[in-house]
Amino acid sequence: MTSMMNCSSEDDEAEVDELERFDDFTLASSWERFISEIEAVCRRWMADGPKNLLEKGAVLVGTSKNLYKAKCELKHDKKSYSMEYYFREKHTGKVTNWDSTWHHLQLAFGVTEFLIIAPQSASGVVLNPPESSKLLSAVAIAMSNCCCSLWPAFVPVHDPSRKAHIGIQNMGTVFTRRFESDCIRSQVPVKLMHLEGLYELFVSKFAFSTVDFSTHLYKVQFTMKLTYRTIPCDDDDYMHEAEGENIESSAGAKGELHPRSQWDDDCPWSEWYSAEDPVKGFELVTIWSDRTIESSLEMAEIENSSPHEAKMWLLLPTILENLNHSQKVKTVGFASQLSLLVVALEMSFEAQFLEDFVSDSNAEKLRSSASIPPPTVVARVLKELFHEGVEALDFSKGDNKSSRAIKGAPSESLFAQFCLQSLWLGNCNIRAIAMLWIEFVREVRWCWEESQPLPRIPVNDTIDLSSCLVHQKLQMLAMCIEKKREANAEFFDATEGKDDVPSHIEEDFLSKPGPTENLHVGTHSRKRQDGLDDTQEASNDLNALEVASDRIRRGSAGGAGSMTLLSSCQRMHVPFTQDAPPMTEDIHEERLHAVAAFGVSSSLSAQLEREILQSDMSAFKAANPDAVFEDFIRWHSPGDWVSEGSDEKESGTRLSGDWPPRGRLSKRMSDHGNFWRKLWNDAPALAAYEQKSLLDPNREGEKILHYLETLRPHQLLEQMICTAFRASADTLNQASFGDLNQMKSKLDQFYLTMASMLRPLQANQLSQDSDIFEDLKRTCVIFEHVERLTILAVSLHRKFILAPRLFQAIFNDYYNFYLPRLGNSGVEVDFHKEFDQRQQVWIDERNVVADLFIPPTSNQSWRKVLSMGNLLNGHEPVLREIIFTMRDDVSDHHYSTHNSMGPQQEIETYRMYIEGTSNDLGVSLSVVSCD
């Protein structure tokens with residue numbers, strides 16, 4: 001029994017071994033296994049669906065936003081093939097004919113999802129016709145086995161330049177659609193250059209060859225898309241014609257020759273460089289409505305019609321490639337030169353004095369190998385700065401509301417122009433800057449010594465403390481020069497015998513612009529008085545100036561309200577006082593430091609104000625001959641007078657019972673040996689116009705020149721960078737680009753960014769190893785983006801000034817495309833992607849767009865002897881795309897009872913997509929058959 005069981009067990013094992021060695025002869029051949037592999041892959045893709053395929057690594061196709069592809073590798077007969085499945089993430093129903101995001105095969109054959117199987121070779125095409133047919137058959141069988149799959153499959157064939165395909169699609173019925181496309185790369189037959197011939201080509205695919213197509217009527221659906229392009233500015237024909245014209249070139253005072261393009265001659269930056277027009281041209285797409293064509297004569301009429309009859313116009317600007325951040329094309333502009341100025345700042349720490357950079361012997365010790373510009377170039381720059389005619393300056397020109405937050409000089413000022421000139425001199429190297437500064441200071445000294453006004457520096461009585469220190473010093477020097485000129489003029493007047501005292505005084509007081517500009521009603525009197533007396537009383541006071549007496553009132557600006565003097569019942573008068581001498585920022589800081597070190601009430605603080613205080617006391621004495629020290633305190637420092645009676649402000653009239661005013665000095669002013677009282681006792685009674693000016697122009701002028709001549713290199717460069725950034729931005733801010741809110745906001749934001757980045761340079765604590773240099777280089781990159789967008793906005797605005805809506809729409813599209821490249825959007829950027837957003841042109845904007853297509857010259861159109869028609873201002877389409885379709889009713893077909901198409905018995909039996917020009921023609925045909 002046991003032996004029988006063992007025998008049975010051995011038989012079972014033998015049977016299992018035999019089954020394991022079973023061969024499935026249904027998959028015997030390699031071709032059949034190849035079909036099985038294709039079928040398995042297709043079933044897997046169908047089961048996964050779009051969502052899972054994306055999770056498994058399907059990639060986006062080209063610039064499409066909704067077309068993806070999955071890929072797998074197959075092998076057959078020692079050859080490797082790749083099969084790609086193209087699908088959409090979201091099915092949006094039937095797509096339109098001219099969807100710009102379509103794949104070429106989708107457009108050519110009107111399909112949505114499809115397969116491509118191709119060899120993994122250098123060409124990527126099947127050159128052997130039997131092999132291509134075998135591949136297509138394998139895919140067709142595999143797709144048929146999948147039952148529910150209706151994907152069309154394509155195989156690339158012939159030479160790759162022909163972009164030829166063959167394909168097949170099982171339509172789930174007895175009907176099969178076959179596809180074929182090819183291209184003519186040689187001269188296109190004349191007949192096929194015209195719509196009439198293309199129509200007959202399509203009709204020949206289903207009509208008898210013996211039929212006269214011009215007399216028979218066929219209801220063919222037709223739609224057309226024409227693409228026009230403006231002739232690029234660098235076209236060979238254009239350049240050839242331009243050679244015969246006198247095209248001016250600008251030799252920049254910046255040391256380089258820049259070709260001048262006409263488009264930006266009057267732009268604010270054209271004084272410094274000529275920007276290449278970022279809009280190189282335009283591409284216009286015109287789409288014609290679907291219509292039914294019944295004869296070739298109708299096609300001839302369409303060919304002769306104007307593009308203005310098209311249903312839709314779509315416009316795409318061709319933007320200069322170097323606007324793309326991935327392009328490393330070197331462009332010249334403010335941003336590029338500012339980056340060189342930052343490098344110069346880094347090198348400025350390598351020497352103590354600017355003269356060290358100019359010396360050839362010291363230059364070898366420095367890392368700088370840059371050369372010094374020729375003397376003629378430097379002389380030309382200085383001539384532009386100092387000797388050429390300068391129009392009336394408007395320092396608010398181009399200023400942004402945030403511009404003053406940057407501690408530089410106004411863009412039209414002398415120092416700002418020096419900085420802008422430096423950007424373009426000798427490639428903005430430290431040696432060129434040092435040379436120009438030394439010569440610049442020499443010119444400033446010449447103006448000082450010869451009492452010549454400084455150009456680009458308006459003379460007034462105030463110093464702009466929000467500007468950089470060099471600009472403040474130049475403002476101060478301009479005042480000193482003006483004082484010298486006034487003193488010289490008075491000296492010459494005196495030598496000519498004009499010394500009549502009353503006339504002289506009256507003229508100085510009322511007429512002469514020099515002295516009276518520095519006189520004003522005392523600031524403290526404005527706090528105490530309710531108003532000046534009327535004109536008649538002021539005139540009476542002025543007439544009293546002609547009487548030579550110490551007790552006569554002089555230099556009065558009128559009564560101080562109802563205030564009276566302590567020693568008499570006379571009304572207190574407000575004196576004209578000298579303006580406080582203007583002070584630059586460093587002088588202000590010195591005084592503040594002294595006050596902080598020694599206390600507000602210290603004798604040093606009073607000593608610093610001695611000259612101003614004594615001048616006010618002398619003027620008060622002259623206007624109030626009977627005044628005492630207490631009267632001056634009541635007017636000048638009312639806080640140091642403690643009133644014990646009724647408030648003087650409330651007394652509208654001078655009653656005998658109110659006099660004398662009751663009160664006493666504060667403890668500070670009543671101390672023994674008070675500095676103010678001593679100064680009062682020593683102060684002579686002199687009206688403001690009789691006093692020596694508080695500003696000593698000779699002393700202050702020499703101090704300023706000493707500062708300019710001994711300025712350390714890094715201190716100069718720090719102020720130059722702040723000023724150059726501000727002046728460059730102000731120059732761009734003057735550009736006219738219409739009402740673009742994005743650009744206005746971007747410029748406002750950029751000013752704030754610059755102010756923040758440049759703030760460390762204002763502290764005068766910069767060192768060679770500071771982190772600020774990287775921040776400055778990043779600021780230059782941001783400046784480059786802003787500069788490019790500004791120039792683009794100006795270019796587009798000029799071209800669409802009569803179509804503002806279209807201008808804003810195009811710029812908005814590009815701005816949103818470019819914004820991620822600024823690096824602050826947090827979005828991953830494909831820098832190789834090109835701008836391809838087309839904007840629809842409204843009917844009333846078409847004439848503006850048509851004017852962009854300037855009629856071509858004879859040289860530009862010499863080869864266009866045979867025209868395709870539909871000309872736009874003499875421009876023929878660079879690309880013509882046509883779709884012909886024929887639909888048939890299959891309800892009477894002998895196979896119709898077997899199909900599952902339901903009540904809809906009309907299908908697209910023929911479709912032909914044609915694209916091309918006079919030099920090439922591509923044709924794609926799909927035909928439905930019932931085999």
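Numbering starts at 1 and runs along the sequence shown.
- For the atom pair Leu761 CG and Ser770 OG, the distance stands at 8.5 Å (nearest 0.5 Å).
- Looking at Lys692 and Leu686, their side chains never come closer than 4.5 Å, going by heavy atoms from C-beta outward.
- Closest approach of Gln472 to Asp464, counting heavy atoms only: CG-O, 3.4 Å.
- Proximity of Val459 to Pro453: side-chain heavy atoms (C-beta onward) are nowhere separated by under 4.5 Å.
- A donor-acceptor pair under 3.5 Å is absent between the side-chain atoms of Gln421 and the main chain of Val381, judged by distance alone.
- Summarising the geometry of Ala416 relative to Ser411, their closest heavy-atom pair is CB-O, 3.6 Å, with the distance given to 0.1 Å.
- A distance-only check finds a donor-acceptor pair linking the side chain of Tyr751 to the backbone of Asp730 [under 3.5 Å].
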Apply side-chain contact (heavy atoms from CB on, under 4.5 Å) to Met479 and Ile463, showing your working. CA-CA 10 Å; Met479 297 179 192; Ile463 300 292; 3.4 Å; yes

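- Between Pro713 and Phe349, the closest side-chain pair of non-hydrogen atoms is not below 4.5 Å.
- Counting heavy-atom neighbours within 6.0 Å of Asp682 CG, excluding the residue itself, gives a total above 12.
- Across every non-hydrogen atom of Ala623 and Pro575, the tightest pair is CB-CB, 3.8 Å.
- A donor-acceptor contact shorter than 3.5 Å is absent between the side chain of Asp640 and the backbone of Ser666.
- When all heavy atoms are compared, the tightest approach of Arg726 to Pro410 is NH2-CA, 4.1 Å.
- Between the side chain of Arg431 and the backbone N or O of Ser371, no donor-acceptor pair lies under 3.5 Å.
- The one candidate from Gln762, Gln719, Glu585 that meets the side chain to side chain donor-acceptor pair (under 3.5 Å) condition with Lys407 is Glu585.
- Note that OG of Ser348 is 8.0 Å distant from CD1 of Ile721, once rounded to the nearest 0.5 Å.
- Between the side chain of Glu784 and the main chain of Ser336, no donor-acceptor pair closer than 3.5 Å is present.
- Formation of a donor-acceptor pair under 3.5 Å by the Glu700 side chain with backbone atoms of Leu695 is not found in this model.
- Side chain of Ser728 to backbone of Ala724: a donor-acceptor contact under 3.5 angstrom is found.
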Trace of the side-chain contact (heavy atoms from CB on, under 4.5 Å) decision for Leu766 with Leu345: CA-CA 10 Å; Leu766 197 64; Leu345 173 62; 4.0 Å; yes

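- If you take CZ on Arg677 and CG on Asn681, they are separated by 7.0 Å, rounding to the nearest 0.5 Å.
- Across Leu694 and Ser615, no two heavy atoms sit closer than the pair CD2-CB, 3.9 Å.
- Taking 4.5 Å as the limit, some side-chain heavy atom of Val332 sits within range of a side-chain heavy atom of Gln337.
- Residues passing the side chain to side chain contact (heavy atoms under 4.5 Å, CB included) test with Glu443 are Leu382, Phe386, His387, sequence neighbours excluded.
- Taking 4.5 Å as the limit, every side-chain heavy atom of His785 sits out of range of all side-chain heavy atoms of Phe750.
- Note that the CZ atom of Arg759 and the SG atom of Cys722 stand 10.5 Å from one another [nearest 0.5 Å].
- Under the 3.5 Å distance criterion, the side-chain polar atoms of Lys621 are matched with a main-chain donor or acceptor of Ala683.
- The ring pair (Phe, Tyr, Trp, His ring centres under 6.0 Å) test with His636 is passed by exactly one of Phe629, Trp676, Phe620: Trp676.
- With a 4.5 Å cut-off on side-chain heavy atoms, Leu732 and Pro268 do not count as touching.
- A donor-acceptor pair is defined here as one N or O able to donate and one able to accept, closer than 3.5 Å; such a pair exists between the side chain of Asn674 and the backbone of Arg668.
- Distance check: Glu449 CD to Ile481 CD1 gives 10.5 Å after rounding to the nearest 0.5 Å.
- Applying the salt bridge (charged side-chain N to carboxylate O under 4.0 Å, His left out) test to residues at least two apart or on different chains, the pairs with a partner in residues 708-720 are Arg445-Glu709.
- Side-chain atoms of Ser756 never come within 3.5 Å of backbone atoms of Leu752 as a donor-acceptor pair (strictly under, hydrogens ignored).
- Separating the CZ atom in Phe418 from the CE atom in Met720 is a distance of 4.5 Å, to the nearest 0.5 Å.
- Annotation for Thr462 and Gln475: closest pair O-NE2, 4.2 Å, computed over non-hydrogen atoms.
- Residues Met754 and Thr779 form a side-chain contact, since some pair of their non-hydrogen atoms from C-beta on lies under 4.5 Å apart.
- For the pair Asp631/Asn624, no side-chain contact is recorded, criterion being any heavy-atom separation below 4.5 Å from C-beta on.
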Verdict with reasoning, Cys780 to Phe725, per side-chain contact (heavy atoms from CB on, under 4.5 Å): CA-CA 9 Å; Cys780 291; Phe725 267 97; 3.7 Å; yes

Go through the steps to decide whether Thr723 and Val470 satisfy the test side-chain contact (heavy atoms from CB on, under 4.5 Å), and finish with yes or no. CA-CA 10 Å; Thr723 299; Val470 170; over 6 Å; no

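- Taking the six-membered ring where the residue is Trp, Phe415 and Trp437 present perpendicular rings, their angle passing 60° and hence far from 30°.
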